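In this text, all values refer to a predicted model and were calculated from it rather than measured experimentally. Letters A, B, ... mirror the listed sequences (proteins, then strands); counts begin at 1. We use all heavy atoms of the structure for the numbers below, so side chains are in, but hydrogens, waters and symmetry mates are not.
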Amino acid sequence: LLPAASCCVGPPRSIAAMSALSAEELLARGDKKMTTTLTRWKPDYEAAASAYEEAGVKFRAKGEKQKAMLAFEKCAEANGKEDNEWHAAKSLEMCALIAKDCGTVEECVAYAQRACEAYVSAGRAQRGAECLGKCAKYFDEKHPLSAAKLLNTAIEMLEDEDKHVYAAGLYRDLAVVLMRSDKFAEAAETMVRFGGSCEETGSGNAQRKAYLSAIVALLYDGDGVGAQATYTDVCAIPAFEGSEEQRVAYALLDSYRDAADAAAIQNVCAKSQELAFLEAPFARAAKKLPLAKHDLARISVAMGGTGGIAAVPVLAPEEQEAEDDLT
Amino acid sequence: RARRDTGSRDRGRTASVALRGSRRARAGRPSLGSRRALASRKATMSNSGDILLRGGALLKKYQHYLPDEEMAPLGPKGEKVDQYASLFYSLRHNLRDIQEKAESIKEETNRAALATANAEIRRSKNFLRGELPKLRKFAAKGAKKLTEKERANREDDMNDFEYQIECVPDGVTRNVPPPPPRTTVGDGASGSGARGAKNKKGIVVDEAAISAAMDGATDMSHTDESRAFRQEFEDKKKQQDKGLDEISKGLRVLRNLGGEMDDEVKRQAPVMDAIENKMDSTSAELRTANGKLKKVITQMRSTRHFCIDVILIFIILGIALYLYNQFG
């Protein structure tokens, strides 16, 4: 009988039942409901929230974004006073969506974080993380650093709850954002983290591709030592061992360490089709390996190699004579 | 689990939590200590979210006791603290974090977690190595006002710090990693051969027939015909190789697709389970609600009440008739 009882309290929440008032009038009505009068000693938050929501929808339909944002924010406040955190969070998410078009990035980030907090206090942390991920996608082109921060928070929330299943998309988005803003070491680290998360969910395919992407990103950054160390760390993991991706990674590292020759490295990249199956930024990076600005001989030596075929040591003339002297 | 930091948040960890606390004040939300708020939350709330919110509230409460490390160049008493000291402080913080992380993974047996931790330590170490030149520059800038001894102390501090950075174990060795396990090419062939032996007849080498054929041959050198045959053989072989390469490429793509589908299905399975559980509980609730509703409606419209209503109406009509007959 509880649903029947609550219907009697205020106007229904469905969007289909729109009143005939205009958006400004609805806003004013909402404001009125939030104040106390002689007849009403406690503000009527529920009615105010639904009035604000309708006002926000109408403003948005008309195109007045600032007022729509204001209306949704007030709706969230009213819901918060009523302890309806879920609805408050939904309104704040709507604010973040509108702020993407007409507000600054800081506003959008602030709304997203408030919405996430509201979801968490409603007991739906996973939904909060999803909301952060969605909002991060709104501005990942223009402000990748803020997007990366939000995505990181979201991933941590899901990891803390052992809900790795829901974090896969977020990891990929974060790695793509980091690669686009040229933070290759951090992108590689994110991919290794993703591999660890895939171990929990048992998705071997994604795990193998993640580790290969990490190695490619580190080589693209010119960090041969890091790439080799990553390979040594992951080569014994059962899902990665014996796979095509491991062979490709080993061939790539071999060519960097022993051949240290741009042509050999490009040959390996062209022959390995697995590199084309990685995420777009990583596949593009693999196609461009090795970068012209990297000192291949130095990288090879740092990795424990000999500086490559081209770096065969040339003996000084005295030493040459001493070698030739057969007495 | 120790909380992770990325490069962009290496310095601002406490700031984000403090900011959340202050934003809460701005939004004018009810304080978290209120019993009503706590009581209204569901029992299945996430632990980390709870801790974060309570932590934010506590930080807000004791905000003026926090050290203002974010507000360089002003020190805790409002004096100007030089950039060298503040940078060194934040870098030391960082180093302590990765040392703790290295300690915590010493006992780790899960290789994937070990790989993740090592990757993070390596990245932090590279970041610190990159910040050291900046530190030295700040030290040189502020060195004019210092005595000789203090300058020497600074040098020692920085060298110690550099040594400590290098000491953190991160799994980097100069050894060549082991090659991947080789699947011998012959395995596939022998495998299929062993299985196919039942269907195929054994290949018999008939020596008598071969020597008879060879005895008739007088000249073993190449003729034009044999050369042409050889050429045709090579051409066909090249064509077949090309075709096989194409097939292999297509198979790789299919394998990739298959792997992705497998991953997706594995990922959706727990989601489906969660949906199923929620549907079960919702339908159980609906069933009880319907049952209650039915009970109430039958109570309102039961036949016993209906008969009593009819009888009472007849009695009232009877009384009305009697009165009408009496007085009318």
- Salt bridge E245(A)-K209(A), side-chain N to carboxylate O under 4.0 Å: no
- Item | Salt bridge E260(B)-R267(B), side-chain N to carboxylate O under 4.0 Å | no
Would you say [X] and [Y] make side-chain contact, with heavy atoms under 4.5 Å?
X       : Y       : value
I121(B) : V168(B) : yes
Q207(A) : F240(A) : no
K249(B) : R252(B) : no

- Would you say the side-chain atoms of R122(B) pair up with the backbone N or O of D170(B), donor to acceptor, closer than 3.5 Å?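 Checked: pair present.
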Which portion of [X] sits near chain B, non-hydrogen atoms under 4.5 angstrom:
X       : result
A168(A) : side chain
Y166(A) : side chain
F194(A) : neither

- Item | Residue part contacting chain A, namely of N256(B), when any heavy atom lies under 4.5 Å | both
- Using non-hydrogen atoms and a 4.5 Å limit, figure out which bit of E264(B) sits close to chain A: side chain, backbone, both or neither.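 Neither part.
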- Query: What residue, out of P179(B), P270(B), A117(B), has the most heavy-atom pairs lying under 4.5 Å from chain A?
  - Reply: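 The option with the most such pairs is P179(B).
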- Looking at G258(B), A113(B), A269(B), A115(B), which makes the most heavy-atom pairs under 4.5 Å with chain A?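 Max contact count across the listed options: A115(B).
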Of all of [options], which one pairs up most often with chain B through heavy atoms under 4.5 Å apart?
options                            : value
E241(A), K163(A), E244(A), E274(A) : E274(A)
M303(A), E199(A), Q273(A)          : Q273(A)
T201(A), D223(A), T230(A), V234(A) : T230(A)

- Task: Could you tell me how the ring of Y231(A) sits relative to the ring of Y250(A): parallel (under 30°), tilted (30 to 60°) or perpendicular (over 60°)?
- Result: tilted
